[in-house]
Amino acid sequence: MTLKTAEFPTLNIISHPLVAHKLTLLRAKETPQQAFKALLTEISVFITYEATRHLPLEPVEIETPVMRTLGSQLSEKQPMILPILRAGLGMVDGVATLLPSAKVGHIGLYRDEETRKPKQYYFKVPSDAAERRCFICDPMLATGGSAIQAVHMLKERGLKNIIFLCVLAAPEGVANFTAAHPDVPIFTASLDERLNEHAYIIPGLGDAGDRLFGTL
Ligand code: PRP
Ligand code: URA
């Protein structure tokens with residue numbers, strides 16, 4: 001199930017007791033790197049479950065061991081998973097658990113800690129990108145700068161049907177993102193309270209990339 005807010009019509013907040021439980025472990029500062037990685041993968045499975053709820057289906061005839069019957073199959077190629085480097089990489093296995101034929105592109109962005117603006121350093125998508133939906137992944141939507149830039153990079157290459165998957169979102173980032181890209185739905189496991197003076201999400205989980213890769 002997802003929750004909606006009156007303030008952000010394109011925001012979908014995953015509501016599930018296991019997500020709440022796992023998210024609490026993910027946030028806790030004593031959670032070690034290996035567990036952090038596993039939890040991020042598990043939470044990403046739940047986010048993907050909700051984010052794929054409206055994928056189109058077509059009928060398909062199959063033969064069971066007993067009789068012919070009509071089933072359903074996805075009518076499009078599976079989406080393209082687009083992690084924003086680095087921390088988005090931690091969501092790829094979870095998304096691919098439910099979408100095993102999805103292809104993976106990479107968007108290299110880092111947030112300049114002084115200007116807090118995203119810097120681009122890499123971009124690579126599969127050759128059939130135009131035929132696939134785009135699932136951008138990044139655990140953190142803080143100011144929204146990185147996510148806004150990532151969507152912009154896809155749109156300027158003519159890519160459509162974009163959604164953004166994250167684990168924590170700050171209200172400031174959601175407001176900025178929806179103002180820039182009102183056509184792009186956001187799926188998150190939590191809408192947190194706010195940003196602090198360093199543009200970190202509060203209560204947050206700290207630096208997602210550092211916790212995922214042990215570069216603290
Ligand atoms: C983090 C995070 C997002 C970005 C969010 O990445 O993974 O990409 O910050 O902040 P924003 O919404 O204010 O743009 P970071 O820039 O720290 O790079 P890293 O993943 O390589 O550590
Ligand atoms: N990037 C992170 O990794 N964490 C935050 O809280 C904000 C940006």
Side-chain angles (χ1 to χ4, degrees), residues 8 10-13 22-33 35-37 39-41 43-44 47-48 81-95 104-125 134-155 162-182 184-216:
F8 303 123
T10 56
L11 181 68
N12 302 279
I13 306 166
K22 290 174 191 298
L23 196 50
T24 303
L25 294 171
L26 191 79
R27 290 184 193 275
K29 69 175 184 192
E30 64 274 14
T31 297
Q33 183 197 351
F36 185 92
K37 187 167 181 278
L39 288 161
L40 188 51
T41 298
I43 293 168
S44 301
I47 298 170
T48 307
I81 308 170
L82 293 154
I84 299 180
L85 307 179
R86 293 174 297 164
L89 290 172
M91 297 178 70
V92 173
D93 286 353
V95 181
V104 181
H106 293 89
I107 301 175
L109 289 173
Y110 71 90
R111 193 172 76 159
D112 183 302
E113 287 307 329
E114 265 175 35
T115 65
R116 291 182 192 149
K117 299 272 181 259
K119 297 252 174 145
Q120 180 185 333
Y121 60 89
Y122 190 75
F123 185 86
K124 179 85 180 171
V125 294
C134 302
F135 284 18
I136 304 177
C137 304
D138 191 325
M140 312 303 276
L141 181 68
T143 65
S146 306
I148 291 169
Q149 176 70 14
V151 174
H152 179 67
M153 288 159 74
L154 297 177
K155 284 184 175 174
I162 303 168
I163 63 172
F164 184 77
L165 314 186
C166 61
V167 174
L168 302 186
E172 298 90 328
V174 177
N176 291 336
F177 184 89
T178 52
H181 300 297
V184 178
I186 304 170
F187 289 82
T188 187
S190 172
L191 178 62
D192 271 20
E193 275 171 37
R194 61 181 173 88
L195 295 178
N196 71 9
E197 63 278 21
H198 305 293
Y200 267 67
I201 299 176
I202 296 291
L205 53 74
D207 188 305
D210 283 347
R211 292 194 65 186
L212 178 65
F213 293 108
T215 48
L216 287 165

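Whatever order the structure lists ligands and atoms in, that order sets their numbers, starting from 1. Everything numeric in this text was worked out from a predicted model, so none of it was measured.
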| note | Of Ile107, Val92, Asp138, Val95, the one forming a side-chain contact (heavy atoms from CB on, under 4.5 Å) with Pro83 is Val92

| request: Mark the output for Ala199 as yes if a heavy-atom distance to ligand 1 is under 4.0 Å, and as no if none is. | output: no

| said: Is atom 1 (C) of ligand 1 touching the protein, meaning some protein heavy atom lies under 4.0 Å away? | reply: no

Which atoms of ligand 2 are found less than 4.0 Å from any heavy atom of [X]?
X      : answer
Ala142 : 7 (C), 8 (C)
Arg111 : 7 (C), 8 (C)
Ile201 : 5 (C), 6 (O)
Ala208 : 2 (C), 3 (O)
Ala199 : 7 (C)
Gly206 : 2 (C), 3 (O), 4 (N), 5 (C), 6 (O)

Treating [X] as the side-chain partner and [Y] as the backbone partner, does any N or O pair qualify as donor plus acceptor under 3.5 Å?
X      : Y      : value
Thr41  : Asp93  : no
Thr188 : Val167 : yes
Gln33  : Leu212 : yes
Asp192 : Gly204 : yes
Glu172 : Leu195 : yes

What atoms of ligand 1 come within less than 4.0 Å of a heavy atom belonging to [X]?
X      : answer
Gly144 : 11 (P), 12 (O), 13 (O)
Ala87  : 7 (O), 20 (O)
Tyr110 : 16 (O)
Gly145 : 12 (O), 14 (O)

Search all heavy atoms of [X] against all heavy atoms of [Y] and return the closest pair with its distance.
X      : Y      : result
Met91  : Pro139 : SD-N, 3.5 Å
Lys155 : His181 : NZ-ND1, 2.9 Å
Ala169 : Val174 : CB-CG2, 3.7 Å

| With respect to atom 5 (C) of ligand 1, which of Lys119, Met140, Lys117 exhibits the smallest heavy-atom separation? |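 Ranked by closest heavy atom to atom 5 (C) of ligand 1, first place is Met140.
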
| message | Please state which option from Arg111, Arg86, Arg116, Glu113 has its nearest heavy atom closest to atom 16 (O) of ligand 1. | response |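 Result: the heavy atom closest to atom 16 (O) of ligand 1 is in Arg111.
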
| query | Are any of the side-chain heavy atoms of Leu165 and Ser44 separated by less than 4.5 Å? | reply | no

| said: Within the structure provided, determine whether Ile84 and Ile136 are in side-chain contact (heavy-atom separation under 4.5 Å). | reply: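 Sidechains of Ile136 and Ile84: in contact.
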
Please list the nearest protein heavy atom to [atom] with its residue and the distance rounded to 0.1 Å.
atom                    : result
atom 5 (C) of ligand 2  : Tyr200 CD2, 3.5 Å
atom 3 (C) of ligand 1  : Asp138 OD2, 3.0 Å
atom 4 (C) of ligand 1  : Ser146 OG, 3.6 Å
atom 17 (O) of ligand 1 : Asp207 OD2, 4.1 Å
atom 13 (O) of ligand 1 : Thr143 OG1, 2.5 Å

| query | Should the proximity of Ala142 to ligand 1, defined as any heavy atom under 4.0 Å, be assigned to the side chain, the backbone, both, or neither? | reply |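 Near ligand 1, Ala142 shows its backbone as well as its side chain.
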
| Could Arg116 and Glu114 be called an ion pair, given the rule that one side-chain N must be under 4.0 Å from one carboxylate O? |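 Salt bridge absent between Arg116 and Glu114.
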
